[in-house]
2 protein chains.
Amino acid sequence: MLSIGTLAKRTGTKVETIRYYEQIGLLPEPERSRGGQRRYREADLDRLAFVRHARQLGFALEAIRELLVLADDPHQSCADADSIARRQLKQVEQRLSRLRALQIELQRMIEECRGESVSECRVLEVLRDHAECLTEHG
Amino acid sequence: MLSIGTLAKRTGTKVETIRYYEQIGLLPEPERSRGGQRRYREADLDRLAFVRHARQLGFALEAIRELLVLADDPHQSCADADSIARRQLKQVEQRLSRLRALQIELQRMIEECRGESVSECRVLEVLRDHAECLTEHG
DNA sequence: GGTAAACCTATATTAACTGCAGCTTTTTTC
DNA sequence: GAAAAAAGCTGCAGTTAATATAGGTTTACC
């Protein structure tokens, strides 16, 4: 059984954040020691790592909650799972294409810098395009 | 010249958020109409679109501020630009690999769902791995 | 078995927005 | 070209997702 501090260290999360996630119901209430301290198992570590990574990728807690529901019970409703998965996949693919563009531009800048001559920075142009946005928000 | 509402609509941003970005210095103070309303040009649209996309990708406003400094004046200091670009690129690449993993898992779920049988959901496992994290936060 | 590190709850603060109140400007429509 | 509706203004309060702090308890280790 892991203490909250160990869990925190192993996932790169603040102890306070773990308690916060429990409070809002993203993490289940763990067992407690006789003295009342939280005791976690490996599965909690997986769940927390998932939440942290998803957050780093820009998913809102509500979207993460949705994905966790999927993970908790994928049998429940195939139609639901499918629609959630499709929606999330669309988001993921959009993020991927933007990240790739940004990656290429940063690589170009580093390359040019090696030649002592960063002619110009096009990171703006790279993420400027919002053709897809138009379909997203009118 | 664009009104704040037009800018908002064209970038999928709330009007309040645009004013907030101006307040914290991410967007320059725009010109004003005789009556005192904000008037923007196309360049402001690019800048705002960049900020929004970067936010969606999970970059903190401070990281975005850094990228904007790079965009505003890449000549300024090649060493600075290089170190910022390298640091950001590392982040981007980490995000890319996690997003790819999530993409594959969501595709698999949708695929299985089509066969009316989501055997199990492995989104958790997909983002669980935190080998890189260990190097990030001890 | 004592003490330092880690944990507890509860509450306050921060970051990044979001919404509202009360008023002014701009646009539209007759 | 006037009036009414839509959009904008400032200033401030509220929300989300944490993060920090205060004051006290439990656990780990010599």
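Computed from a prediction, not measured in an experiment: that's the story for all the values here. Letters go in sequence order (proteins before strands), and every chain restarts at 1.
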Q: For salt bridge (charged side-chain N to carboxylate O under 4.0 Å, His left out), just list the numbers for A:Arg65 and A:Glu62, CA-CA rounded to whole Å, side-chain angles, deciding distance to a tenth of an Å, and then say yes or no.
A: CA-CA 5 Å; A:Arg65 201 187 286 278; A:Glu62 281 320 300; 3.1 Å; yes

Q) In whole angstroms, how far is the C1' atom of C:dA6 from the CD atom of A:Glu16? A) 12 Å

(Q) Using heavy-atom distances to pick each residue's nearest nucleotide on DNA chain C, tell me which of B:Arg55 and A:Gln23 is more 5'. (A) A:Gln23

(Q) Donor-acceptor check, side chain of B:Thr6 to backbone of B:Leu2, threshold 3.5 angstrom: yes or no? (A) no

Q. Nucleotide range of DNA chain D contacted by chain B, 5' to 3', under 4.0 Å to a heavy atom?
A. D:dG8 to D:dT10

**Q.** Close side-chain approach of B:Gln94 to B:Arg98, heavy-atom, < 4.5 Å
**A.** yes

Q) Rounded to the nearest Å, what distance is computed from the OH atom of residue B:Tyr20 to the P atom of nucleotide C:dG19? A) 15 Å

Q: State which residue, out of A:Lys9, A:Arg38, A:Arg39, fulfils the side chain to side chain contact (heavy atoms under 4.5 Å, CB included) condition with A:Ser3.
A: A:Arg39

Q. Does a nitrogen or oxygen in the side chain of B:Tyr21 sit under 4.0 Å from OP1 or OP2 of C:dC17?
A. yes

Q. Does B:Thr6 or A:Ile24 map to a spot on DNA chain D nearer the 5' end, using the closest nucleotide for each?
A. B:Thr6

Q: Take atom CD of B:Glu62 and atom P of C:dT14, then tell me their distance rounded to the nearest Å.
A: 15 Å

Q: May I ask you to evaluate whether B:Ser3 reaches the phosphate of C:dT26, defined as a side-chain N or O under 4.0 Å from OP1 or OP2?
A: no

Q. Does B:Arg41 offer a backbone N or O that forms a donor-acceptor pair with the side chain of B:Asp44 under 3.5 Å?
A. yes

Q: Could you walk me through whether A:Tyr40 and A:Arg47 pass side chain to side chain donor-acceptor pair (under 3.5 Å), step by step?
A: CA-CA 11 Å; A:Tyr40 296 92; A:Arg47 196 178 180 90; over 6 Å; no

Q.
Between A:Thr17 and A:Thr13 (side chain of the first, backbone of the second, donor and acceptor by atom type, cut-off under 3.5 Å), is there such a pair?
A. no

Q) For A:Arg19 and C:dT11, what is the distance between atoms CZ and C1' respectively, to the nearest whole Å? A) 13 Å

**Q.** Separation of atom CD1 in B:Ile64 from atom C1' in C:dA16, rounded to whole Å
**A.** 10 Å

Q | Residues A:Glu42 and A:Arg10 bridged, charged N to O under 4.0 Å | A | yes

Q) Is B:Glu22 close to B:Pro30 at the side-chain level, that is, under 4.5 Å between some pair of heavy atoms? A) yes

Q. Can you list, by residue number, the residues of residues 32-39 of chain B that have a non-hydrogen atom closer than 4.0 angstrom to DNA chain D?
A. B:Arg32, B:Gly36, B:Gln37, B:Arg38

Q. Any side-chain N or O of B:Lys14 under 4.0 Å from OP1/OP2 of C:dG19?
A. yes

